[in-house]
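Heads up, the thing below is written out as structure tokens.
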Amino acid sequence: MPATDPAEDLPEQMRVRRSKRERLLAEGVPPYPVNLPRTASLSEVREKYAELPTDTASGDRVAITGRLIFIRNGGKLCFATLRDGDGTELQVMLSLDKVGEQALADWKHLVDLGDLVGIEGEVITSRRGELSVLADTWAMSAKALRPLPVAHKPLSEETRIRQRYVDLIVRPQARETVRARATVVRSLRESLFRRNFLEVETPMLQLLHGGAAARPFVTHSNALDTDLYLRIAPELFLKRAVVGGIERVFEINRNFRNEGMDSSHSPEFAMLEAYQAYADYNVMQQQVQEWIQEAAFAVAGSHVVTHFDGTELDLSGQWPAVTLFGSLSEALGEEVTVTTDRAQLAGYAEKHDLSVDPKWSNGKLAEELFEHLVVPSLQRPTFVRDYPEETAPLTRAHRETPGLTEKWDLYVSGFELATAYSELVDPVVQRERLVAQSLLAAGGDPEAMQLDEDFLRAMEYGMPPTGGMGMGIDRLLMALTGLGIRETILFPLVRPE
RNA sequence: GGGCCGCUAGCUCAAUGGCAGAGCUGUGGACUUUUAAUCCAUAGGUUCGGGGUUCGAGUCCCCGGCGGCCCA
């Protein structure tokens, strides 16, 4: 527990602000009143009086609130700038002849940058033409006990993430990012609702580890006295829903993967997964393009989005589709297919300085070559189709080419944004694949899935031919805004201070 | 996991191994049209933590923490 008088150890500026709070209390003025009059938001004032000419009094009184971000105090006339939750700024003026000597002195001595204040007064424009509220009275709305960082120098990236609340206060773009994310998620939901998909929630706590290849977080249930896994994917439950007749189903929710944290990976990340009965990966390809274009339009008003650094990304029109082996062949300048033998693939790897893990299958090796040689060039959105079957255990075999599966990955800006399959629905083949996975898991592969008998039982009741897709919400934000993943997540996980 | 870089005042950053500084912020004062206001004065430090070398360490060495970049 802190000592009864913690003030001794505090920096001077925090002691000063605490003493101002005490002085307010001593004067009988609540530093944190339960409410304040507010008849208009700053943006409403700005909108309504946008045409007010320079140096004019409107005759209209308003009560406004906001956070103080600039203070320019004079002898008998004080200026300050308030900022609203939506980022709108508005100037307030306090003059001796309007508020009186005591209120003006209190304003100068008890108010700091960062305080939330309320102003009641007349809407006017200053001699320089700045729209302002000329105060009759002012009131403290919430006294800030910590100083605001310098408004004109960017906060360090670490402080931005660790103290997002400060980042949100001082950096309008941080708030815009929150709004953009909300807009994108809402747009996705609307896009799917319009196409008659139902949104469901499936278990986050799972008895078995499956649905993707990733290391899970493990937790423990006291009631069941058993370990549980935080889900790495909702896939196996959404498919159970499709078996049960929920023919168009989706979930937007968090997945957890106990793996590395870097500029494009977060241990918890939001994902959209959607399944549609009597559809396949071709149908999903067209739909995903539409959903992303609709999200781009919702957030940017255009299918050409402008990143915060000013670069443009064109998401308009029909996106190109290539095959994995076709694009790899083009990059190598040599024809490779799913039947190309290992020695030849290994030769290409060596030629391009790619070290080869001997445990890799031929398919995995081809995919690694592709990621190394082709992916960095995929800036405009591009669908890459038809992956080797060793790397896609839940995917249906390609209807024409043996050894391939009906899977595509969507790449944008050099990273993978979404994926889709014609889902594997034959319960016998599914069991073979999952048994193979569980043997890998038993052999110590921490990413391999466990055998989910209940999932297989569901499949044995008959699953319709189904197209399924998954897309990282955080990554979609990255694609639309150009931000790193830790900027698209409001409160990313950070190491303890 | 490996390599490199960084951590100094509330914030952003300086400081050949030799008195730890600036700008903004804060405090006191001047100013009735400012808007990153201006002017005068002034306060503010466990230099990430621990150990070592040295007459002397923010600076050099070792261990650890946190962060960033690159590689695997």
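Every chain is numbered from 1 and lettered A, B, ... according to where its sequence line falls, protein lines coming before strand lines. Everything numeric in this text was worked out from a predicted model, so none of it was measured.
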Point to revise | Residue closer to the 5' end of RNA chain B, R495(A) versus S132(A) (nearest nucleotide) | key: S132(A)
Review point. G18(B) and U59(B): how far apart are their C1' atoms, nearest whole angstrom?
Key: 11 Å
Check your understanding: More 5' along RNA chain B: A151(A) or R72(A), using each one's nearest nucleotide?
Key -> A151(A)
Exercise for review: Could you check whether S156(A) gets within reach of a base, just the sugar-phosphate, or nothing at all, counting any heavy atom under 4.0 Å?
Suggested key: sugar-phosphate
Practice item. Return yes when atom CZ of R254(A) has more than 12 non-hydrogen atoms of other residues, nucleotides or ligands closer than 6.0 Å, and no otherwise. Key: no
Check your understanding: Base, sugar-phosphate, or nothing for L155(A), non-hydrogen atoms under 4.0 angstrom?
Key -> sugar-phosphate
Practice item. Provide the distance between the two P atoms, one in A36(B) and one in G45(B), to the nearest whole Å. Key: 31 Å
Review point. Taking the P atom of each, how far is G3(B) from U8(B), in whole Å?
Key: 24 Å
Point to revise | Sub-4.5 Å side-chain heavy-atom contact between R486(A) and S266(A) | key: no
Could you go over nucleotides 43-50 of chain B and give all protein N or O partners under 3.5 Å, atom names and distances?
{"residue": "A43(B)", "atom": "N3", "partner": "E12(A)", "partner atom": "OE1", "Å": "3.4"}

Review point. Can you tell me if CD on E27(A) sees more than 12 non-hydrogen neighbours from other groups inside 6.0 Å?
Key: yes
Review point. Picking from G68(B), G28(B), U33(B), which would you name as closest to the side chain of H109(A)?
Key: G28(B)
Practice item. Between U27(B), C66(B), U33(B), spot the one nearest the side chain of S126(A), thanks. Key: U33(B)
Review point. Closest to the L113(A) side chain: U25(B), U32(B), U35(B)?
Key: U25(B)
Review point. Does a side chain donor of either S43(A) or D86(A) reach within less than 3.5 Å of an acceptor in the other side chain?
Key: yes
Review point. What distance, rounded to whole Å, do you find between the two P atoms, one in C48(B) and one in A15(B)?
Key: 14 Å
Study note, to complete from the structure: With the side chain defined as heavy atoms from C-beta on, T159(A) is closest, among G10(B), U32(B), U12(B), to U12(B)
Review point. Looking at R127(A), does any N or O in its side chain come under 4.0 Å of the phosphate oxygens OP1/OP2 on U32(B)?
Key: no
Review point. Between K407(A) and Y387(A), is NZ or CZ placed under 6.0 angstrom from the six-membered ring centre and within 45° of the ring axis?
Key: yes
Review point. With respect to R181(A), which candidate in L480(A), L477(A), T481(A) satisfies the side chain to side chain contact (heavy atoms under 4.5 Å, CB included) definition?
Key: L477(A)
Review point. Around R146(A), counting heavy atoms of other residues, nucleotides and ligands shown, do more than 12 lie under 6.0 Å from its CZ?
Key: no
Review point. Does one side chain, of Q91(A) or R72(A), offer a donor that lies under 3.5 Å from an acceptor on the other?
Key: yes
Review point. Considering only the C1' atoms, how many Å lie between C60(B) and G44(B), rounded to the nearest integer?
Key: 30 Å
Check your understanding: For U32(B), does OP1 or OP2 lie under 4.0 Å from any side-chain N or O of K76(A)?
Key -> yes
Revision key, fill the gap. Heavy atoms of T419(A) and W408(A) approach each other most closely as OG1-O, 3.1 Å
Review point. Do the side-chain N or O atoms of R486(A) get closer than 4.0 angstrom to the phosphate oxygens (OP1, OP2) of G68(B)?
Key: yes
**Study point:** Span that lies between the C1' atom of U42(B) and that of A22(B), in whole angstrom
**Key:** 16 Å
Practice item. List the steps and the verdict of side-chain contact (heavy atoms from CB on, under 4.5 Å) for V117(A) and T65(A). Key: CA-CA 6 Å; V117(A) 298; T65(A) 61; over 6 Å; no
Check your understanding: Which of the following nucleotides, G10(B), G26(B), U35(B), is nearest to the side chain of V16(A)?
Key -> G26(B)
Review point. Distance-only, no hydrogens or angles: does the Y49(A) side chain make a donor-acceptor pair with backbone N or O of I124(A) under 3.5 Å?
Key: no
Check your understanding: Rounding to the closest angstrom, what is the interatomic distance between A20(B) and U47(B) at atom C1'?
Key -> 8 Å
Review point. Across the strands shown, which category fits T81(A) at heavy-atom distances under 4.0 angstrom: base, sugar-phosphate, nothing?
Key: nothing
Check your understanding: In dot-bracket form, how is RNA chain B paired, counting a Watson-Crick or G-U wobble pair only if both its distances are under 3.5 Å and using | for bases paired to another strand?
Key -> (((((((..((((....[..)))).(((((.......))))).....(((((..]....)))))))))))).
Review point. Nearest to the side chain of H152(A) - A36(B), G67(B), U35(B)?
Key: A36(B)
Exercise for review: State yes or no: are the ring centers of H209(A) and F217(A) separated by less than 6.0 Å?
Suggested key: no
Review point. Looking for any heavy atom pair under 4.0 Å, which part of the strands does R160(A) touch: base, sugar-phosphate only, or nothing?
Key: nothing
Check your understanding: When the P atoms of U25(B) and U12(B) are considered, how many whole Å apart are they?
Key -> 16 Å
Review point. Can you list, by residue number, the residues of residues 47-58 of chain A that have a non-hydrogen atom closer than 4.0 angstrom to RNA chain B?
Key: none
Point to revise | Nearest-nucleotide pick for V150(A), side chain only, options being U12(B), C24(B), U35(B) | key: C24(B)
Practice item. Remember a base hit wins even if backbone is also touched, and classify M93(A) as base, sugar-phosphate or nothing at under 4.0 Å, heavy atoms. Key: base
Review point. With respect to S58(A), which candidate in L131(A), L52(A), V45(A), V133(A) satisfies the side chain to side chain contact (heavy atoms under 4.5 Å, CB included) definition?
Key: L52(A)
